[in-house]
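Structure, as structure tokens:
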Amino acid sequence: MKIELTSKSRISEVDFSNLPFGRNMSDHMLVCHFKNGAWQEPEIRPYGQLEFSYGLHALHYGQSAFEGMKAYRKDDGTISMFRPLDNFARLNKSGARLMMPQIPEEIFMNGLTKLLEIDANWVPTAEDHSLYIRPFLFASSEFIAARQSDDYTFCIITSPVGPYYSGSVKVKIEQEFTRATGGGIGYTKAAGNYGGAFYPTSQAIKEGYNQVIWTDHKEHKYIEESGTMNLMLLIGDTFVTPPLTDRILAGVTRRSIITLIKEQGWAIEERPVTVDEIVDAASTGALKEAFGMGTAAVVSQIDTIGHKGTNYSIPTPADGKAMEIKRLLNDIRLGRTPDTNQWMVDVVQPVTAE
Ligand code: COI
């Protein structure tokens with residue numbers, strides 16, 4: 001791996017007490033090109049500008065996918081990544097559907113580990129803060145013929161972040177626009193899945209919501225995801241979440257929370273949920289809690305669900321199950337409780353004074 005270190009760190013310019021999501025990039029990045037059918041030597045270099053012409057294939061046809069993952073500073077100072085191999089596997093799953101080359105595990109993991117060693121000081125220490133890691137892969141040939149690219153580029157950039165939402169969120173059940181269709185790319189983290197969501201989301205924001213709850217493409221009858229997160233409902237004493245399909249992103253946070261719920265001995269069902277069921281449960285009070293689950297937002301309590309112009313209030317108890325789940329996850333990430341599922345992968349051990 002080639003390594004070029006920055007001659008001047010930007011870290012002193014960053015206000016770690018005010019970190020708008022994804023605005024402050026750490027000093028270094030990983031770049032690895034795929035050319036002539038083979039991966040080239042990966043390189044860590046100062047964070048900087050793209051080196052391509054305006055014919056850059058990914059800009060024209062959206063052959064591009066990304067991941068979102070996090071590294072934490074545990075209470076003992078160790079820097080540790082949360083389930084990095086799950087994100088690695090999902091990026092290659094997205095890549096396969098979008099006809100991009102598979103990234104070798106050693107390029108992903110060695111590159112990521114080295115990058116975090118170099119930029120260890122960028123991992124925040126404050127509660128609810130972490131280093132957001134953005135691996136991405138894009139078509140980097142410079143031609144505009146409408147076929148798959150020949151060349152690709154894999155990068156990792158990182159950004160210190162605080163909480164994604166400042167409090168609980170209001171969501172609107174979206175029954176006009178669609179995020180994903182059957183046989184499509186909804187299960188991937190294709191860049192275009194997010195670009196296509198901005199317009200419907202902006203409409204919901206104008207109406208006073210923070211996000212939408214997506215419904216199925218055929219009938220808008222079943223709920224799917226919430227914005228960029230998976231959705232969990234607590235109906236009566238049972239957690240309920242829609243099952244994974246080719247229209248739903250298989251969230252790493254979702255999978256982890258399902259495991260934690262089962263470990264607590266709480267009831268959980270992965271099954272289709274209709275809009276009618278959620279509206280009915282919200283109006284009778286059977287819907288005890290609702291929350292979004294994602295890497296960026298972690299556990300995000302939902303206080304309002306809007307449907308056809310009516311807003312239904314959902315309790316957001318500070319001592320409820322959503323917050324308990326968030327604490328369980330947080331305790332594992334910060335090394336406060338045994339990591340029995342081996343989710344954490346340590347990167348940098350703290351330097352101990354002799
Ligand atoms: C994540 O949680 O990593 C996401 O995908 C959200 C991101 C688009 C901000």
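In each ligand, atom 1 is the first atom listed, and ligand 1 is the first ligand listed. Worth knowing before you read on, the calculation uses all heavy atoms, side chains too, and leaves out hydrogens, waters and symmetry mates.
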Heteroatom proximity flag, Ala296 to ligand 1, N/O under 3.5 Å
yes
Look at the side chain of Thr259 and the backbone N and O of Arg255, then say whether any donor-acceptor pair between them is shorter than 3.5 Å.
yes
Would you check if the distance from the ring center of Phe108 to the ring center of Phe154 is below 6.0 Å?
yes
Note: ligand 1 atoms sitting under 4.0 Å from heavy atoms of Thr295 are 1 (C), 2 (O), 3 (O)
For atom 3 (O) of ligand 1, what is the nearest protein heavy atom, given as residue, atom name and distance?
Tyr132 OH, 2.7 Å
Would you mind listing which atoms of ligand 1 come within a distance below 4.0 Å of any non-hydrogen atom of Gly68?
3 (O)
Check for me, please, whether Ile118 and Leu116 land in the same ILVMFWY cluster - side-chain distances under 4.5 Å, paths through other members count.
yes
Report, in ascending order of atom number, the atoms of ligand 1 lying under 4.0 Å from any heavy atom of Tyr194.
5 (O), 8 (C)
Testing the 3.5 Å rule here: is there a donor-acceptor pair between the side chains of Glu174 and His307?
no
Centroid-to-centroid, Phe66 to Tyr194, below 6.0 Å?
yes
Restricting to heavy atoms, the pick from Glu67, Lys189, Lys70, Arg134 nearest atom 4 (C) of ligand 1 would be Lys189
Using side-chain hydrogen bond (donor to acceptor under 3.5 Å, both in side chains), reason through Asp119 and Ser26 one step at a time and then give a plain yes or no.
CA-CA 7 Å; Asp119 280 340; Ser26 313; 4.7 Å; no
Hey, which atoms in ligand 1 end up nearer than 4.0 Å to a heavy atom of Thr228?
6 (C)
Atom 9 (C) of ligand 1: nearest protein contact (heavy atom, Å)
Tyr164 OH, 3.6 Å
